[in-house]
Amino acid sequence: MNTRICIIGSGPTGIFTLKTLVASPVPLIISVFDAELVAGKGTPYLPGANDPVMLSNIPSIEIPPLMETLVDWLNRQSNDYLNTFNINRSSINDREFYPRLVIGDYFHDQFQAILSVGKINRHRVEVYPGHRVTDIELGTTDIRLKVSSFDGDFDAVFDHVVMATGHNWPENTQVKPGYFASPWPATELQEIGDGRLGILGTSLSGIDALLTVATSCGSFVCDDGGTLQYVTSAGHQDFHATMMSRKGLLPEADFYCPLPYIEPQICTYEAIQNEVNIGSQGLLDRVFDLFQRELLAADPDYSAEIGLSHLSVDTFADAYYGRRSDTDPFVWAAANLAEAHLNFELQFTIPWRYAILITHEIIEKAIPHLDTTDLTRFNRSFKGIFIDQYATVPHLSIRRLLALRNAGRLDIIKLGSDYDIETEGLERGARIRTGDREQQFSSFIDATGQSSLSVRELPFPTLLKQRGIQAANTPEPARRFMDGESANFKKTGGIEIDEAYRPRGATALSNRLYCVAIPFLLHKRPFVQGITSAAELGKTAANAILADIAVDQPPILRMA
């Protein structure tokens, strides 16, 4: 009997899973369930969830291979399609950033092409859009799913199930009048309109939220000199936005660097593994020593400038942000953008930036082995400097922020670590308190991005009750502010998984559930974000399935 495989979710992770599976020469029965009505796009790229002004933070050159590259796909599109998104055909290149909606269309077409390959390779692949998996029950030899659709509810049984459910956003974005718990879906933000807008978060999620509201209240236009300007539309003269974060810093502009990554000289996978093998005691400091030596070898001048030899894992972040923290964020953003633009023209890579970038995924391999004290130290400061380098943003996004600032429509405040966000007693929006300072906003958006989810937050009640899954036991302190109440709380750790992303647990139950849902992995994989991670997760899960059924994989068929 053919192996029955289910993929829950048809976003990037599900697509990369399917791509590997359909390469099997042995026929498989594959079902793909997706809660959305359109399969093959993924939540981060869905129409309605995203505004055309929202840009993806990954260029074509960084998207792992599908049936064709994003650049090749764009070059095949009609002029009408490109004009819809203001894409100049002559400017299409593999390092440019494109709207999220464009990425969604690209993935949808790649998904359809992969389905065609599946048919050619004699697989039976059925796609069920508008079908939400509401429960998972592990059996001894199989896995039962409960599925809800417009046509009714039903059960389905599979040998392998890949949980590629992707990001998790609140069902109701506007949880109170004028208070938005998430920047998605974008359609809800478009209704915000005039008045004072507060945005918690200055990363790309916060920028996307800001620009969505800004384009509903005005437009971006270039003057005769080519400088981008922001002009409010009639009835929106009172629009003003305030972005805020603990440091009060903007992300930096995408910088030129060799791709794929060059191997580090000192902080290598082998070196990190050697430290892991020694043991968890002192592991973080030993890892930092490797990182320190890598940075010194890559950029001695920068290392001397920040006093690298005198820094520790606990003090490096302060030196790293250094001058940037003492400079007006918009002044810094303008200078950084000019530098990044020039370096792209010269194809010049800043050595210290690249050293941090190429070591983040390597250092992540040590995170699951840190003890509780070191994990807390890592999360407190060291983690952020890696995120700052790999989460740089498109140049156009920075230009739009500067245009809003120049128009007097945007400012940024530094919150520090002691602040409260309150909604109690307000008809709409929120107020924020920092020390003796208080500001009130008629609309407020929490744009801090996807947080890690614990085992107890699994959306599958039977799976949650079963003793088939263990927690990763990495308590994560957090702070919540609502209705004037602030409370410290600790969450149960994420799901404990093996090298194939199978949850660890009772051996009497099937171990053929593959948890590649990013929010449940963030506790021990802090950098598992974006399309490149989706590709790695999907490929690993699919290869584990194929290995389980003893299938050798030939190369995937290419499009003609």
Side-chain angles (χ1 to χ4, degrees), residues 53-65 69-75 82 85-100 102-103 106 202-204 207-208 211 220 222-223 225-229 249-264 295 298-299 301-302 305 320-321 323-324 327 329-361 385-406 529-532:
V53 77
M54 292 179 169
L55 297 179
S56 173
N57 63 343
I58 186 169
S60 176
I61 194 173
E62 292 189 49
I63 298 177
T69 67
L70 174 60
V71 162
D72 289 342
W73 180 85
L74 281 170
N75 281 320
L82 297 180
F85 296 99
N86 296 314
I87 297 173
N88 187 330
R89 186 178 295 278
S90 63
S91 299
I92 294 174
N93 68 82
D94 61 4
R95 288 183 181 259
E96 187 56 80
F97 295 88
Y98 297 98
R100 290 178 181 271
V102 170
I103 305 299
Y106 163 72
T202 55
S203 67
L204 186 58
I207 294 171
D208 282 345
L211 296 180
F220 293 94
C222 284
D223 61 18
T227 301
L228 195 65
Q229 305 279 352
L249 302 177
L250 287 171
E252 298 202 307
D254 177 57
F255 62 93
Y256 180 84
C257 65
L259 294 169
Y261 294 161
I262 294 173
E263 289 294 319
L295 199 54
D299 200 327
D301 291 340
Y302 175 76
E305 178 187 336
Y320 170 84
Y321 288 109
R323 290 182 297 108
R324 185 170 160 198
T327 306
F330 295 103
V331 173
W332 185 274
N336 171 252
L337 178 63
E339 177 188 55
H341 180 73
L342 177 61
N343 287 341
F344 264 93
E345 289 187 342
L346 300 175
Q347 295 190 0
F348 172 74
T349 302
I350 298 175
W352 67 266
R353 290 189 187 280
Y354 195 51
I356 295 174
L357 180 67
I358 64 176
T359 55
H360 81 274
E361 292 178 342
I385 65 104
F386 297 106
I387 296 174
D388 192 56
Q389 286 303 310
Y390 74 68
T392 53
V393 300
H395 292 192
L396 179 56
S397 295
I398 301 294
R399 290 178 61 207
R400 287 167 169 166
L401 291 180
L402 294 174
L404 283 165
R405 174 64 170 181
N406 292 336
Q529 295 278 5
I531 294 172
T532 53

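Proximity of a side-chain donor or acceptor of Tyr354 to a complementary backbone N or O of Pro258 within less than 3.5 Å is detected. Side-chain atoms of Asp301 never come within 3.5 Å of backbone atoms of Asp299 as a donor-acceptor pair (strictly under, hydrogens ignored).
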*Going through the distances and angles, do Glu339 and Ile350 end up as a side chain to side chain contact (heavy atoms under 4.5 Å, CB included)?*
CA-CA 10 Å; Glu339 177 188 55; Ile350 298 175; 3.7 Å; yes

*Can you list the steps and then say if Trp332 with Leu249 is a side chain to side chain contact (heavy atoms under 4.5 Å, CB included)?*
CA-CA 9 Å; Trp332 185 274; Leu249 302 177; over 6 Å; no

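Taking every heavy atom of both residues into account, Tyr302 and Leu295 meet most closely at CE2-CD2, 4.2 Å. Closest heavy-atom contact between Ile356 and Gln389: CG2-CG, 3.6 Å. The two residues Tyr98 and Leu70 make their nearest non-hydrogen contact at CD1-CD2, 4.0 Å. The two residues His360 and Tyr261 have their closest heavy-atom pair at CE1-OH, 4.0 Å. Taking all atoms of both residues into account, the shortest heavy-atom contact from Ile207 to Ser397 is CG2-CB, 4.2 Å. When all heavy atoms of Thr359 and Pro264 are compared, the pair lying nearest together is CG2-CG, 4.2 Å.
Within the model, atoms CZ of Phe348 and CZ of Phe255 stand 11.5 Å from one another, a figure rounded to the nearest 0.5 Å. Note that the CG atom of Leu259 and the CD atom of Glu62 stand 5.0 Å from one another [nearest 0.5 Å]. How far CG of Asn343 is from OH of Tyr256: 10.5 Å, rounded to the nearest 0.5 Å. The CZ atom of Arg399 sits 5.5 Å away from the SG atom of Cys222 when rounded to the nearest 0.5 Å. Of the inter-residue distances, the one linking Tyr320 atom OH with Phe386 atom CZ reads 9.5 Å to the nearest 0.5 angstrom. Summarising the geometry, atom CD belonging to Gln229 is positioned 11.0 Å from atom CG belonging to Leu402; distances are rounded to the nearest 0.5 Å.
Residues Arg400 and Val53 have side chains in contact (heavy-atom distance under 4.5 Å, counting atoms from C-beta outward). A heavy-atom distance below 4.5 Å is not found between the side chains of Ile387 and Gln529. Side-chain contact between Asp94 and Thr69 is absent, with no heavy atoms from C-beta onward closer than 4.5 Å. Side-chain contact between Leu74 and Glu96: absent, with no pair of heavy atoms (C-beta onward) separated by less than 4.5 Å. The shortest distance between side-chain heavy atoms of Phe220 and Leu211 falls below 4.5 Å. When side chains are defined from C-beta on, Glu345 counts as touching Leu342, because their heavy atoms get closer than 4.5 Å.
For Ala253, the side chain to side chain contact (heavy atoms under 4.5 Å, CB included) criterion is met by Asn336, Leu337, Ala340, His395, Ile398, not counting sequence neighbours. For Thr532, the side chain to side chain contact (heavy atoms under 4.5 Å, CB included) partners two or more places apart in sequence, or in a different chain, are Ile58, Pro64.
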